[in-house]
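Just so we're clear, the structure is a prediction, and the values are computed from it rather than from any experiment. Protein chains get the first letters and strands the later ones, always in sequence-line order, with residue 1 at the start of each.
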Protein chains: 2
Amino acid sequence: MDTLSSREEEPVGRQHAQRVDLAVSTVIFALRPSPETGRMTLWLPLVRRIREPYEGRWALPGGWLAADQDLETSARRTLVRTTGLTPRYLEQLYAFGGLDRSADDPTRVVSIVYWALVHPDEAAQAIDSDNVEWFAADDLSELAFDHRTIVDYAVWRLRTKMEYSRIAHGFLGETFTLAQLRQVHEAVRGCSLDPANFRRQILASDAIEDTGQRLTGTSHRPPRLYRYNTAVQLADHGPLTPSQESKEQA
Amino acid sequence: MDTLSSREEEPVGRQHAQRVDLAVSTVIFALRPSPETGRMTLWLPLVRRIREPYEGRWALPGGWLAADQDLETSARRTLVRTTGLTPRYLEQLYAFGGLDRSADDPTRVVSIVYWALVHPDEAAQAIDSDNVEWFAADDLSELAFDHRTIVDYAVWRLRTKMEYSRIAHGFLGETFTLAQLRQVHEAVRGCSLDPANFRRQILASDAIEDTGQRLTGTSHRPPRLYRYNTAVQLADHGPLTPSQESKEQA
DNA sequence: TCAAAAGTGTTCTTTATACACCCATGG
DNA sequence: CCATGGGTGTATAAAGAACACTTTTGA
């Protein structure tokens, strides 16, 4: 055989390269209380489709890759245009390129999907319109394309990464109490945690530092306010962009 | 503002979607003894470029996405064409889409990169030619494009995943001794491990099962041969394709 | 019998978990 | 004062690391 080199793979001038539409979408997570139970749960904003295929269905915010923007920049651009959101935490999730992603529609689209966390202040910037709506992650309607699969995968990714990384503060503002941080972990992991042990583990990890301030206005002993210790980096087992390798994002 | 919906993002008929060349590449790892120290180290096959840009430089095996193949199928096809390899373990690594990936060349290419593990039998199928060569992962020449960055990221990914997953058997054949399995861990993680503790941890995890056979021909007590216990699944913290979510690949 | 690696046992340290208890504030 | 969550102490269990020791083969 003489197909040893990349001869077949790269025709002259690239004019034989298969070109596909390249979309960029994002799964954005925020925490808010469930309207029924009142417990904190995962929510995400979806955008209503206004044309075929899947017209009227809810879909992930996103758009096409811009020729003059890299992947993450395109994700941020489409995100702010469709939802108004500019998340601090944004990370690539996966590239989806199955052949049957668009049901009957024969168009081939490859999607680079990102996932993001927003805290309440960021989420408040979201566009308020009939075409943008927040849904509970565990109570989604039928979504467009394979977006339900993508959301499920992103939820799984968030849950597993929460256990070994310190992404929880993506859901919190500049300062926060240990109880708030614990509530984030409880909401995402879906179980209650011992406050005493949680405190010791977090403090031992050196992930946060005391601001010296306390939160007042509660009907009990005022809790300390903490901030994230940006000086300390933790091991990360998830996909970071190569330039961030042994650093921790956010 | 009236950019609420995806109106701007999806022009009629998609003819306004930015089209880019979509490449698929793979970082393939195998273990073989270092020619100097004799210790097992990471090696990977590279393909020599036979045209500009980067003509003559070594590059990751890969090619263009085929219109009628999904991402993984395209990765396997380009892999076997360029290197002759058909790895059992193959997983998506990351999508690279920076604007300056091709140096002076203004062509925009987005690469979906996979990573793979091959055991000695698989590696023996590799094409033997001037245009395919194996390199030690810690002693690479200047590679084409941003492939050095990609390789470094893949190495980091392999190392971190080795610690919590059971991918080590991607480097081994059907049956193996505990010493062989331990050597794989030692080579990838770059440290020596206590044989006694390693044995207990692996056996306690139920990841492998005794074949009842022993390896003979050694100049000492014949070790047992084990195989992987495919019935038991371990938690995985890395990116799997959504359909594999709570399952473990390979 | 000796070398070398297989395989087992024991101790110690670290980490996680469960839960009792005191503290400080608003009402 | 009481209720409520903040915050500390402690005892137990599980997991990991270090290392002595016995076993079984080929030479």
Of D:dC19, D:dG7, C:dC19, the nucleotide closest to the side chain of A:N197 is C:dC19
So, does B:R214 get its side chain near the phosphate of D:dT23, meaning an N or O under 4.0 Å from OP1 or OP2? no
Look at the side chain of A:R200 and the base of D:dG7, then say whether one donor and one acceptor between them are separated by less than 3.5 Å. no
If you only use heavy atoms from C-beta on, which nucleotide in D:dG9, D:dG7, C:dG7 is closest to the side chain of A:R221? D:dG7
Counting just side-chain N and O atoms, does B:R182 come under 4.0 Å of either OP1 or OP2 of C:dA5? no
Separation of B:Q183 atom CD from C:dA4 atom C1', in whole Å? 14 Å
Test item: A:R159 and A:R189 side chains (from C-beta on) under 4.5 Å apart, heavy atoms: no
Here the distance between atom C1' of D:dC21 and atom CG of B:D194, to the nearest Å, is 13 Å
Regarding A:D146 and A:T149, is there a side-chain donor-to-acceptor distance under 3.5 Å anywhere? no
Distance, rounded to the nearest Å, where A:Q213 contributes CD and D:dG6 contributes P: 18 Å
Quickly work out the B:F198 CZ to C:dA6 P distance and round it to whole Å. 12 Å
Reckon B:T218 touches a base, only the sugar-phosphate, or nothing at all at heavy-atom distances under 4.0 Å? sugar-phosphate
Quick one: which of D:dG6, C:dA6, C:dT8 gets closest to the side chain of B:A196? C:dT8
Please pick, from C:dA24, C:dA6, D:dG6, the nucleotide with the shortest atom-to-atom distance to any side-chain atom of A:P222. C:dA24
Assign A:A179 to base, sugar-phosphate, or nothing according to its heavy-atom contacts below 4.0 angstrom with the strands shown. sugar-phosphate
salt_bridge(A:E142, A:R148) N-O dist < 4.0 Å: no
All ring-ring contact (aromatic ring centres under 6.0 Å, His included) counterparts of A:Y228, not counting sequence neighbours: A:H169, A:F176
CZ of B:R224 versus C1' of D:dT24: gap in Å, rounded? 12 Å
Closest to the A:H220 side chain, choosing from D:dT4, C:dG7, D:dT8: D:dT4
Distance check needed: D:dG6 P versus A:D210 CG, whole Å only. 15 Å
Hey, are B:R76 and B:E72 close enough for a salt bridge, meaning a charged N less than 4.0 Å from a carboxylate O? yes
Which nucleotide, D:dG7, C:dG7, D:dG16, lies nearest any side-chain atom of B:P223? C:dG7
Please report, rounded to the nearest Å, how far the C1' atom of C:dA5 is from the CD atom of B:Q180. 13 Å
To the nearest angstrom, the CD-P distance between A:Q201 and C:dA18 comes to 11 Å
